[in-house]
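Structure first, then comments.
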Amino acid sequence: MTLKSIITAVACSAVALPVFSGTPSVHWEVVDNYGSGRDTYYIQRLTITNPSSLNKLCFNEFARKMRTVNPADTIYEIIPGYYCIESSRFADGDSTLVVDIRTNGWIQSINYAPDGFHNVAADGTVTGIPHTRASLVVEPSRRNYPGRDVMVYADSVYRFNQTLQAPRELTPYDIIPSFKSVTLTGGTFVNNKPKQGALIQHPNKEFYRITLPAGGAAVVEGASPEALAMANLILDEMLLAPNNGTLPAAVIEDYPDFPHRGLMLDVARNFYSTDELKKLVKEMALMRMNKLHFHVTDDEAWRLEIPGLPELTDLGSRRGYTTDEHEYLVQLFAGDGNPDTKEGTANGYITREEFIDFLKYCKELGVDVIPEIESPGHARAAVKAMEARYRRTGDDYYRLREDGDTSVYTSAQAFHDNLMNPALPGPYRFMDKVFDEIIAMYKDAGVELTAIHIGGDEVPEGAWDGSPSAQKMCAELGISGRHLTQGEFGRRIAKILKEKNVPMMGWQDVGVGYDDEFNAEVAPVTYGVQCWTASAIPEQNKALRALRAGFPVIISNVDRFYMDMLYTHHPMERGLYWGGTVDEFTSLGGYPYEICPVDSTCRAQIIGLQGQLFGETIRNNEIVESHLFPKSFGLAERAWNANRTYNDADFNKVVYTRLLPVLDSQKIEWHLRMPGVIVVNGKILMNTPYEGGEIRYTLDGTEPSATSALYSGEIPLPDEVKEIRARYYYDGKESLTSLLYVK
């Protein structure tokens, strides 16, 4: 699937979706950005075709304050991120209707456009409404904060592409992640004899050695059965095309610098099945990644079946139009308003049987699955589900919130009702029950449970300030404030897991900012603390602080290893931008001992690196894959090799000559970089990030296509040209449009 078809599939291009006569449809565009300083806003315009059958037009958009420009129209929020428009003009009988919405802030990216349009009829019936989106590759004022243009222009792309030129000639042993040692022994190895295998002694249980003699059989040795399996997998891959069973005779010795080489996949925000995930796990194994952090719960959904608590999936895995959330959650991100729709990513969960099967599959490939149960924040789906249980049964045994709690807070995702209350018995009973059911699934799968991740991040200021129970607990314990209240929750959860002989894992909040007594109790039972922020000031570096408190640390920095960040600041790029841009070179440059500069005595406490793919911008599996590839190749290199290996040019050549063809053979989608354009001495020059492919361009302001002019060398710049647009076509894919204004 090409990038263009992915964008079309999620209605992010200007290509119209099918619209039938008389059926409503919506076209979205930005009129302009306005204001200055903090008083900024933009006008987003909805052009509605055939509006007469509409009653209530609902949609999703990242939470912003909005109001309609026309007083005949009304827009209101059901929960943050879910909006409805009602208008007396729907019934006017016009074939088209324009609704302008004044929206606080500024728009930089297509990801902040609305999605999931649907009509809610007077009788409550919901119907999905097709929609299209105008491109944001337009004049800067329509996609930028006033006075600030963050667009990645084609000349900067050109200069970066230049840094990728002139890589060295690759050897058959250039792979990612790279080997620790390759010693050429002379002659040629031909794979025409059965290979031999043996277990050997080595301090690193993942150490392996592959001996490829001239004229002899391959010998594969490993310090553990898992290391042997990994070595065999790598050798089998090397013997495929283009090597075709022939390699220079050599001895390869290899081992990882870290035992934890992780990737977090979020199926809570937007759902994709274990069948789709299996392709990614296989690719993880080829990249020698060994830990899948499985984000199955969050504010927006609960995706794992828990026997005995059916409300978690009956309510928590379904999203649609509702004003009370008594039967299912409010639609977020995308959907058609129907909580039972099977298409798309809004609804769905993993059954107990599916999870057990998935655990077995992952284990066969050497990948351990670490489930995350978000608590005490990011728990809105669980809170709503247990309220439904309380209403249904009258039993408050698992209830997570307190009547009479007047706390006022706003979470990072703008929710006001997403917290478990640490002072109540219900959250601990609930977590204990969930833990037991998860442990039972691993036991039935015959798979060891490495750890359970408890979340523990982003509890907002104001949490529990209005809770009588929380204030009473704090007074009894002699503590105060959000952080220490959360710390008491973490301490009790760690004790529950210790009694079950299961290590705890969590985000940096669970291991930073507590006293020595807390650290002495919790750190020994903690598998790892994920630190995602960084600072050059030691006192503010969360990873350093966690290490000094005695916690094992997993480097997970947003500006290096968040796979859901934009590849570039192109306005049509998929992904979020709050943490900066992340591509394969950003992750390649995420050197752990520079992110967390510790002396050699503390380095053993850094147990690994991990990338995160949060799901807010996911709409289908192809988007999952294009977020991950090729940027996760940089993560894999750094997770295996802590210190410098490839430069950018050599790394890039390995990616496009060795790895992208493998992705193609496995039908895995990947992200194609843009062409560069520059004007020098009246001549237009263009370049590409890879060898091969072709550039198509226009000089009249229109979007390039596969039939536009073909770039074959420098072009004289015509006097009348004001802008140059170009696209890169490579391996059946097309890039986003590179744009250069001519001054």
Side-chain angles (χ1 to χ4, degrees), residues 177 205-206 208 222 224-234 236-237 256 258-268 271-297 303-306 348-373 434-435 437-453 502-503 505 527-528 530 554 556 563 607-613 615 621 624-625 627-629 632-633 635-636 639-640 662-663 666-668:
K205 70 175 184 178
E206 293 189 86
Y208 66 88
S224 65
E226 292 77 14
L228 268 177
M230 181 182 297
N232 279 300
L233 181 66
I234 292 165
D236 290 345
E237 287 294 314
F258 299 109
H260 182 106
R261 305 177 298 282
L263 181 65
M264 189 215 81
L265 296 177
D266 171 12
V267 298
F271 183 69
Y272 40 109
S273 70
T274 53
D275 285 342
E276 294 170 316
L277 287 163
K278 286 178 179 179
K279 280 201 304 182
L280 302 179
V281 173
K282 183 177 181 181
E283 193 60 34
M284 283 181 65
L286 290 173
M287 295 189 295
R288 285 171 265 172
M289 309 285 285
N290 65 346
K291 307 294 180 187
L292 172 60
H293 170 183
F294 206 19
H295 194 87
V296 293
T297 78
R303 304 294 191 182
L304 179 62
E305 179 184 18
I306 300 297
Y349 68 93
I350 299 165
T351 68
R352 187 180 193 277
E353 291 73 22
E354 288 171 337
F355 189 59
I356 290 171
D357 171 74
F358 185 62
L359 292 176
K360 293 177 180 178
Y361 177 87
C362 293
K363 189 61 180 179
E364 288 175 359
L365 291 172
V367 175
D368 298 325
V369 180
I370 300 174
E372 178 177 9
I373 306 301
V434 171
F435 293 159
E437 295 298 338
I438 288 174
I439 291 167
M441 292 184 218
Y442 277 77
K443 181 179 179 181
D444 288 354
V447 172
E448 182 181 352
L449 175 56
T450 301
I452 293 179
H453 199 299
V502 175
M505 184 174 167
Y527 167 81
Q530 280 186 267
I554 300 164
S556 307
M563 306 286 109
I607 64 171
L609 270 65
Q610 184 169 297
Q612 285 64 239
L613 177 56
N621 198 54
V624 174
E625 294 167 357
H627 271 317
L628 289 175
F629 303 108
S632 60
F633 293 137
L635 165 69
W640 191 266
V662 173
L663 295 181
Q666 297 173 350
K667 294 182 170 50
I668 293 177

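All values below were derived from every heavy atom in this structure, side-chain atoms included, with hydrogens, water molecules and symmetry-related copies excluded.
With sequence neighbours left out, Phe633 forms a ring pair (Phe, Tyr, Trp, His ring centres under 6.0 Å) with Phe629. Shown here are the side chain to side chain donor-acceptor pair (under 3.5 Å) partners of Asp275, two or more places apart in sequence or in another chain: there are none. Applying the side chain to side chain donor-acceptor pair (under 3.5 Å) rule to Tyr349 yields no partners; only residues at least two apart in sequence or on another chain are considered. Scanning for side chain to side chain donor-acceptor pair (under 3.5 Å) contacts around Lys278 gives Asp357, with sequence neighbours left out. Applying the ring pair (Phe, Tyr, Trp, His ring centres under 6.0 Å) criterion to Phe435, with sequence neighbours excluded, gives no partner residue. With sequence neighbours excluded, the residues that form a ring pair (Phe, Tyr, Trp, His ring centres under 6.0 Å) with His260 are Tyr527. Every residue two or more places apart in sequence or in another chain that forms a ring pair (Phe, Tyr, Trp, His ring centres under 6.0 Å) with His453 is listed here: His293, Trp507. Residues satisfying the side-chain contact (heavy atoms from CB on, under 4.5 Å) criterion with Asp368, sequence neighbours excluded, are Lys291, Lys363, Thr450. Remark: Glu237 pairs with no residue by the side chain to side chain donor-acceptor pair (under 3.5 Å) rule, at least two apart or across chains. Scanning for side-chain contact (heavy atoms from CB on, under 4.5 Å) contacts around Phe258 gives Pro592, Tyr593, Ile606, Leu609, Ala642, with sequence neighbours left out. Residues satisfying the side-chain contact (heavy atoms from CB on, under 4.5 Å) test with Gln666, not counting sequence neighbours, are Lys282, Glu283, Leu286, Val662, Ile668. Looking at residues two or more places apart in sequence or on another chain, you find a side-chain contact (heavy atoms from CB on, under 4.5 Å) between Asn290 and Glu206, Arg261.
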task: Check the pair Leu292, Phe358 against side chain to side chain contact (heavy atoms under 4.5 Å, CB included), reporting the backbone distance first and the verdict last.
output: CA-CA 11 Å; Leu292 172 60; Phe358 185 62; 3.7 Å; yes
message: If you apply the rule side chain to side chain contact (heavy atoms under 4.5 Å, CB included), what do you find for Val367 with Met289, and how did you get there?
response: CA-CA 7 Å; Val367 175; Met289 309 285 285; over 6 Å; no
message: Applying side chain to side chain contact (heavy atoms under 4.5 Å, CB included) to Glu353 and Glu305, what does each step give before you reach the verdict?
response: CA-CA 9 Å; Glu353 291 73 22; Glu305 179 184 18; 4.2 Å; yes
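Nearest heavy-atom pair, Thr297 versus Ala268, reported as atom, atom and distance to 0.1 Å: C-CB, 3.7 Å. Nearest heavy-atom pair across Asp266 and Met264 is CB-CE, 3.8 Å. Pairing each heavy atom of Tyr208 with each of Ala231, the nearest pair is CD1-CB, 3.5 Å. Nearest heavy-atom pair across Ala451 and Met505 is CB-CB, 4.3 Å. When every heavy atom of Lys279 is checked against every heavy atom of Lys667, the shortest pair comes out as NZ-O, 3.0 Å. Looking at every heavy atom in both residues, Leu228 comes nearest to Gly222 through CD2-N, 3.5 Å.
Ring geometry for Phe294 against Phe355 counts as parallel: the plane angle stays under 30°, on a 0 to 90° scale with 60° as the upper cut.
Under the 4.5 Å side-chain criterion, counting only non-hydrogen atoms from C-beta, Asp444 is not in contact with Leu359. Contact annotation: the side chain of Val267 approaches that of Leu277 to within less than 4.5 Å [non-hydrogen atoms, C-beta and beyond].
Between the CD1 atom in Ile373 and the CG atom in Leu304 there is a gap of 6.5 Å [rounded to 0.5 Å]. Here CE of Met441 is found 11.0 Å from CG of Leu449. Values are rounded to the nearest 0.5 Å. A distance of 5.0 Å separates CD1 in Ile438 from CD1 in Ile306, rounded to the nearest 0.5 Å. The distance from atom CD of Glu625 to atom CG of Leu613, rounded to the nearest 0.5 Å, is 11.0 Å. The structure places SG of Cys362 at 8.0 Å from CE of Met284, a figure rounded to the nearest 0.5 Å. Here Leu263 contributes atom CG and Gln612 contributes atom CD; the two are 8.0 Å apart, rounded to the nearest 0.5 Å.
Of the possible donor and acceptor atoms, one in the side chain of Glu276 sits under 3.5 Å from a partner among the backbone N and O of Ser273. Between the side chain of Arg288 and the backbone N or O of Trp640 there is no donor-acceptor pair closer than 3.5 Å.
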